[in-house]
Amino acid sequence: MDDKFLKPYNPQACEDAIYERWETSGYFNPDVCVEKGVTKEDAEPYSIVLPPPNVTGVLHIGHAAMLAIEDILVRYHRMNGYRTLWIPGTDHAAIATQARVEKDLQKKEKKTRHDLGREEFLKRVETFAQESHNTIVHQVRKMGSSLDWGREAFTLDETRQQAVHEAFKRFYELGLIVRGDRIVNWDPKGQTVISDDEIVYEERKTMFYTFRYDKDFPIAISTTRPETKVGDTAVAVHPDDKRYKEYIGKEFDAVFCDVPIHVKVIADNSVDPEFGTGALGVTPAHSVADADMAERHGLPTVPVINEYARMTVDGHLKDMKVNAARETIVGWLRTERLMEHEEEITQNVSTAERTGAIIEPLPKLQWFVAVNKPFVLEHSNIPSIESGSTTTLKEIMRASVAPGAIHITPERFEKTYYHWIDNLRDWCISRQIWYGHRIPVWYKGDKLYVGTTAPQGEKWEQDPDTLDTWFSSGLWTFSTLGWPEDTSDLRTYHPTSVLETGYDILFFWIARMILMSGALVGDIPFRDVYMHGLVRDEKGRKMSKSIGNTMDPLDLIAKYGADATRLSLIIGAAAGNDIKLSEQRVKGYKNFSNKLWNISRFVLQYADEVKLDLKTPLHSDDEKLVDELCELAQDVTADLEGFRLYLAGEKLYHYTWHRFADEILEESKAVLAGKDETAKKQRVRLLYDMLVIQLKLLHPFIPFVTEEIWSALPKKDADLLMIARWPDTK
RNA sequence: GCACCCUUAGCUCAGUCGGUUAGAGCGCACCGUUCACAUCGGUGAGGUCGCAGGUUCGAAUCCUGCAGGGUGCACCA
């Protein structure tokens, strides 16, 4: 027996060396596995792309959970002989990374990005991104992740750049990317457009004012934003509202707080006659709903607020911030005795997720992905969409999540997904930031060129904007496999097997990958979606820096080992359910590693003593014990296939500790201390076999300690446990 | 407003989509320990499965309603 068993298991002393052994073995790469006969060339492929962590800093505990889950799936399939590929990568996270660097710049040098200029600023961001990348990759290795590092990708590297340009070009040619002057969500603090999904609604108390534009105006209107009323071009009422019927179609002039306005009274079904006065001022330039109404009625659009959330009208409101303008107008309404009613209401205010600023809806010329526009999908493997048929991106998204295509675990998220699709509007993809994929469009006068490289000839100016970061991450399942080239990786590993991620990112990312893959590859991007929950603190609060309750995965690994950290994130975490993590839990699982260590010590000690011989027949009474373990193996296998990792982990934990150690080993002591040499040999062979099976079953969950024990086994069917055969469950 | 989820032991949660006396971990109480392991072992207490109905031979599990908690989407000016 190896002397190392005389001391308690010490993860810190073993883990790095074990990872090194795995990595140099080359088995993380399926091609090597085929080469060395670990798996067959025609074996079924199994692939996962790692959801790329943002290069904004360090990994958090949620990433650790993600890595643990995916590594379990990957190791399990590798041990089952699949050609198993898990691709690593990182995400440039355009807006988040840029914001992070800008913040540092402001803090340390008191400079803005404009002080440095585009080129110099981008260099800074790239340096930061590189450092951040290195930290992340180190952390990912620490978790024991069996990723094929030779295939590592970055959402902003050269290969992915090509994929992005190609994708943009194809979408443009299909008419799915359009440029338009539409109302967008403008973040006045970040000075960029953001998508609907980057908005967070916050409940706030606001005053709700009811007033008239001027003394002679026949209809009173209500609003929470009086400052936008200088941009009104209509008053809308319900067509059946008797109170206002006589005014429909009439036009009025008024001077509203020093600003001359011209409004027409229109009838529109979207107006709720019960709400407020039943009449609303229509501001086509600063409200999406009003813009829709303006389009229906052919109303003019009068912008009155600019990108800095200041008023653009003439008169004494000019250049005022919107809040100040609101106060001025409210004061004016009161003195003029135009105010009829004021009350406090709670309202959902749209704020930018990244900066916290209140969103200002503004009309801007931007690029959009048209989700409802029909186009011909040349080639399709998506059920219910035939090759060459006319469809829409929305239809692709809907049809892709269905029996025979993508299955989401837990299933309830499928409903949430459909619900979201139904409410989906065109996706604004241009951003006024510098870090990211520059939009592959060039302008010269009124000419426009869309291509993967700059056009020939002089004086072409590239669009200064960059793409929404989700545009490039949407391509992730196939851009990592070499698309748009027709690579063997792409043919073999796409669609990928599973996409595993947190449920908070279902719409941002999953829906977009389905959209991209459907339109560009004509196929689903993955067969299964597995969603894990949020890791919360022991009181159930979200972990956040401001509360100070974050847990650093590297700290936990340093204290308790990667295996314990992994188990604590798996057991008790059913799909889609949040998990409450406390350090005590992690500590408990460290004890488990040591328990397994001591079990091994006990068995190996006797294996030495009786000169273990695997040809020794089992005692007939003992077959029941083997059957019982096989039943467990069957159970665990079924749980892994069904994504019930928490159950599989718990069953193994329980069996090893409370059945195998507490009962089977305890009962064995009498035999092993006895004088019947044959019985002893039989019992040792039994225990050894059972230990080997347990090590294999436990390996995906706690790879380090099992591999470390494996290296000390006198007899085994593989050099490394990571490529040993999964126990035959029959 | 629309939709989804949750409510089971003191705490955190399972209960694999109807089937015998409802389980685990932690915690608690008591006992034990000359050795694989104190990073231990044994024993035990503890549950009207949120509430009220219904379906069924049988319900923690299915249906309806109610109460409390949470999440997503939309949003009325």
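We name chains A, B, ... by the order of the sequence lines, and we start the count at 1 in each one.
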Check every strand shown and say whether [X] touches a base, only sugar-phosphate, or nothing at a heavy-atom separation below 4.0 Å.
X      : value
A:Q584 : sugar-phosphate
A:K229 : sugar-phosphate
A:H419 : base
A:F5   : nothing

According to a 3.5 Å limit on both distances, what stems of 3 or more consecutive Watson-Crick or G-U pairs are formed with RNA chain B?
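Counting only runs of 3 or more consecutive pairs, the stems involving RNA chain B are B:1-7 with B:67-73, B:10-13 with B:23-26, B:28-32 with B:40-44, B:50-54 with B:62-66.
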Check this for me: does the side-chain of A:N423 come within 3.5 Å of the base of B:C73 through a donor and an acceptor?
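Such a pair does not exist between side chain and base.
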Can a donor-acceptor pair under 3.5 Å be found between the side-chain atoms of A:E666 and the base atoms of B:A36?
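Yes, a donor-acceptor pair under 3.5 Å.
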Taking the six-membered ring for Trp and the full ring for Phe, Tyr or His, determine whether the centres of A:F704 and A:Y9 are under 6.0 Å apart.
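A:F704 vs A:Y9: aromatic centres not under 6.0 Å.
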For A:Y417, check ring-ring contact (aromatic ring centres under 6.0 Å, His included) against everything at least two apart and list the hits.
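By the ring-ring contact (aromatic ring centres under 6.0 Å, His included) rule, A:Y417 matches no residue at all.
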What distance, rounded to whole Å, do you find between the two [atom1] atoms, one in [N] and one in [M]?
N     : M     : atom1 : value
B:C62 : B:G18 : P     : 8 Å
B:C26 : B:G70 : C1'   : 24 Å
B:C49 : B:G25 : P     : 23 Å

Side chain A:K715, main chain A:L612, donor-acceptor under 3.5 Å
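Yes, the answer is positive, given that a donor and an acceptor are paired below the 3.5 Å cut-off.
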Which listed nucleotide (B:G25, B:C73, B:C40) is nearest to the side chain of A:H658?
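The nucleotide sitting nearest to the side chain is B:G25.
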Among B:A14, B:C40, B:G42, which nucleotide has an atom closest to any side-chain atom of A:N591?
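The answer is B:C40, which lies nearest to the side chain.
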Pick one: which of A:W470, A:W427, A:W420 meets ring pair (Phe, Tyr, Trp, His ring centres under 6.0 Å) with A:F508?
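Passing option: A:W470.
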